[in-house]
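What you see is a predicted model, and the numbers here were worked out from it, not measured in a lab. We count ligands from 1, going down the list as the structure has it; atoms in each ligand are counted the same way.
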Amino acid sequence: DKGAYPFYMLKEVDEQPAVLRRLLQNYQGDDQQFAFEADMMKTLLASDRVYIVACGTSYNAGWIGRSLFEKLAKIPTEVHLASEFAYDLPLLSEKPFFVFLTQSGETADSRQALVKVNELNYPSLTITNVKGSTLSREASFTLLLHAGPEIAVASTKAYTAQITLMAMLADALRAAKGFEASFDMERELSLVASIMESILAEKAEIKAWIDANLMETRNAFYIGRTLDYYVSMEAALKLKEISYIQTEAFAAGELKHGTIALIEEGTPVIALVSEETVGAHTRGNVEEVKARGANAIVISMQDVAREGDTFVIPKVETALSPLVMVVVTQLLAYYTALGRGLDVDKPRNLAKSVTVE
Ligand code: F6R
């Protein structure tokens, strides 16, 4: 039931802090460690490479997972589109471990890839929101997202739940491998939940800005580097699928290698800047598109914010920045579709669960 909400999407966006806290609780172990099934941890630790396989929003979450597994647990990780993977298997390592990210647990492309993995007898984990779903039954292990039913076609809370779960798993793997923690994962995730709440409290401001800037445009771009680029991929998918504005995400440095030709007077270019080192370069790219007439919009994090940024988000640990940056972009997509009078929960041509290849 969506209660007082006009659309499920907004309700589900609002639920994210609670989902995050529920995940923290559900995977809480003793001694300030996250608890995961011993057999799964053993299998994962014995593997030499993780292959994340998924579609759509879940695939976009996979890129953040890759960064977490590699940076925190030092496990080489690749991300693959399920629809490509099943038909052009990458050269696999000696001891691969497969992670299937799927909100519904029923996506045919992902299932096809899992069938392949099972034929080859490799271990797998399905991270899903639906208990007893096909991919959950057919994988060696399952982890549940506990996000509650996601009704809106545009996935929101499943994305942040997947990233949260992978952050906890990466932290558990790090601890199991005896690496020092660079930050307290539990404390930082709790902080993320609070900051999500503070962003969600700014809806009116975000809506007003969107009404003034995104109502007329036919196309838009998201740019960022590293984690901000991966969030851009998700932000662009969200905006295009519910508002029908053609939106593309680019690694900021790639703009000058071709895409900048598309920038016209007034083209919205939304830059995500959550980190100093790469952020400075992204800001350079913002200047380049501005010089060509773009309507540049910067969403930044407090410690790297500059005068004139459109939205500034309170600081969180860099590795977890996608969890908060994405919330602004979800609201941006929501209010754009709403302002255009569209059916936010049921965009044209799309189904919630894609059960055909
Ligand atoms: C976009 C969206 C889709 C799904 C994709 C995979 O908002 O919802 O891109 O993410 O179809 O679905 P699952 O995660 O159920 O496998």
Side-chain angles (χ1 to χ4, degrees), residues 7-13 15-16 19 51-65 79-86 98-115 117 124-139 142-166 222 230-245 247-249 322 326-327 329-334 336-337 342-357:
F7 288 103
Y8 279 105
M9 182 182 171
L10 191 62
K11 173 173 182 272
E12 290 161 5
V13 164
E15 282 169 356
Q16 293 177 110
V19 171
Y51 294 80
I52 298 177
V53 183
C55 307
T57 288
S58 295
Y59 170 78
N60 294 340
W63 282 94
I64 318 288
V79 193
H80 292 272
L81 284 168
S83 56
E84 289 290 304
F85 180 90
F98 292 86
V99 175
F100 288 88
L101 294 177
T102 170
Q103 188 282 131
S104 63
E106 301 296 343
T107 301
D109 289 319
S110 301
R111 171 157 193 256
Q112 211 42 45
L114 176 55
V115 167
V117 165
S124 57
L125 159 69
T126 290
I127 298 182
T128 183
N129 200 24
V130 183
K131 201 177 169 177
S133 56
T134 306
L135 271 107
S136 149
R137 290 197 311 272
E138 295 180 358
T142 294
L143 291 174
L144 291 175
L145 296 171
H146 300 291
E150 193 181 63
I151 312 282
V153 163
S155 183
T156 53
K157 61 179 178 175
Y159 174 85
T160 45
Q162 284 168 341
I163 292 170
T164 304
L165 189 43
M166 288 189 287
Y222 267 103
Y230 310 141
V231 175
S232 292
M233 291 161 58
E234 171 56 11
L237 176 58
K238 213 86 308 169
L239 183 59
K240 80 178 93 171
E241 74 177 321
I242 63 171
S243 76
Y244 315 145
I245 294 172
T247 315
E248 305 304 335
V326 79
V327 176
T329 72
Q330 292 167 342
L331 291 171
L332 206 137
Y334 175 80
T336 306
L342 299 167
D343 185 345
V344 176
D345 285 343
K346 291 197 187 69
R348 68 187 181 206
N349 310 342
L350 286 169
K352 180 63 184 164
S353 181
V354 186
T355 54
V356 290
E357 273 181 66

- Quick one: does Asp345's side chain have a donor or acceptor within less than 3.5 Å of a partner on Met9's backbone? yes
- Message: Closer than 3.5 angstrom, by distance alone: can the side chain of Asp109 be matched with the main-chain N or O of Ala82 as a donor-acceptor pair?
- Response: no
- Query: Are the side chain of Glu234 and the backbone N or O of Val231 linked by a donor-acceptor pair below 3.5 Å?
  - Reply: no
- Query: Which atoms of ligand 1 sit under 4.0 Å from any heavy atom of Ser58?
  - Reply: 10 (O), 13 (P), 14 (O)
- Message: Once rounded to the nearest 0.5 Å, what's the spacing between atom NZ of Lys11 and atom OH of Tyr8?
- Response: 7.0 Å
- Task: Could you tell me if any non-hydrogen atom of Ser110 lies under 4.0 Å from any atom of ligand 1?
- Result: no
- Query: When you measure from atom 4 (C) of ligand 1 to every protein heavy atom, which one gives the shortest distance, and what is it?
  - Reply: Thr57 N, 4.0 Å
- Task: Taking only heavy atoms of Lys238 into account, list the atoms of ligand 1 that are under 4.0 Å away from them.
- Result: 1 (C), 7 (O)
- Any N or O on Ala154 sitting closer than 3.5 Å to an N or O of ligand 1? no
- Query: Does Ser353 have a non-hydrogen atom less than 4.0 Å from ligand 1?
  - Reply: no
- Query: Applying a 4.0 Å heavy-atom criterion (strictly less than), which segment of Glu106 is in contact with ligand 1: side chain, backbone, both, or neither?
  - Reply: neither
- Message: Taking 4.0 angstrom as the limit and counting only heavy atoms of Ser155, give me the atoms of ligand 1 inside it, by number and element.
- Response: 7 (O), 8 (O)
- Query: For the rings on Phe98 and Phe85, is their centre-to-centre separation under 6.0 Å?
  - Reply: yes
- Item | Value rounded to 0.5 Å, distance of OG in Ser83 from OH in Tyr59 | 9.5 Å
- Message: Between Glu150 and Lys157 (salt bridge meaning N to carboxylate O under 4.0 Å), is one present in this structure?
- Response: no
- Please check if the side chain of Thr102 supplies one atom and the backbone of Thr128 the other of a donor-acceptor pair under 3.5 Å. no
- Query: Judged by non-hydrogen atoms, does Leu350 sit under 4.0 Å from ligand 1?
  - Reply: no
- Task: Give the residue, atom name and distance (to 0.1 Å) of the protein heavy atom nearest atom 16 (O) of ligand 1.
- Result: Thr107 OG1, 2.5 Å
- Message: Quick test: of every protein heavy atom, which one is nearest to atom 15 (O) of ligand 1, and how far off is it to 0.1 Å?
- Response: Ser104 OG, 2.7 Å
- Task: Starting from atom 5 (C) of ligand 1, find the nearest protein heavy-atom neighbour and note its residue, name and distance.
- Result: Cys55 O, 3.7 Å
- Query: Distance-only, no hydrogens or angles: does the Lys240 side chain make a donor-acceptor pair with backbone N or O of Thr247 under 3.5 Å?
  - Reply: yes
- Task: State whether the side chain of Ser104 and the backbone N or O of Glu106 hold a donor-acceptor pair below 3.5 Å, judged by distance alone.
- Result: yes
- Message: Suppose we measure from atom 11 (O) of ligand 1 to each protein heavy atom; which comes out shortest, and what is that distance?
- Response: Val354 CG2, 4.1 Å
- min-distance protein heavy atom vs atom 7 (O) of ligand 1 -> Glu241 OE2, 2.4 Å
- Item | For atom 8 (O) of ligand 1, closest protein heavy-atom neighbour | Val153 O, 3.2 Å
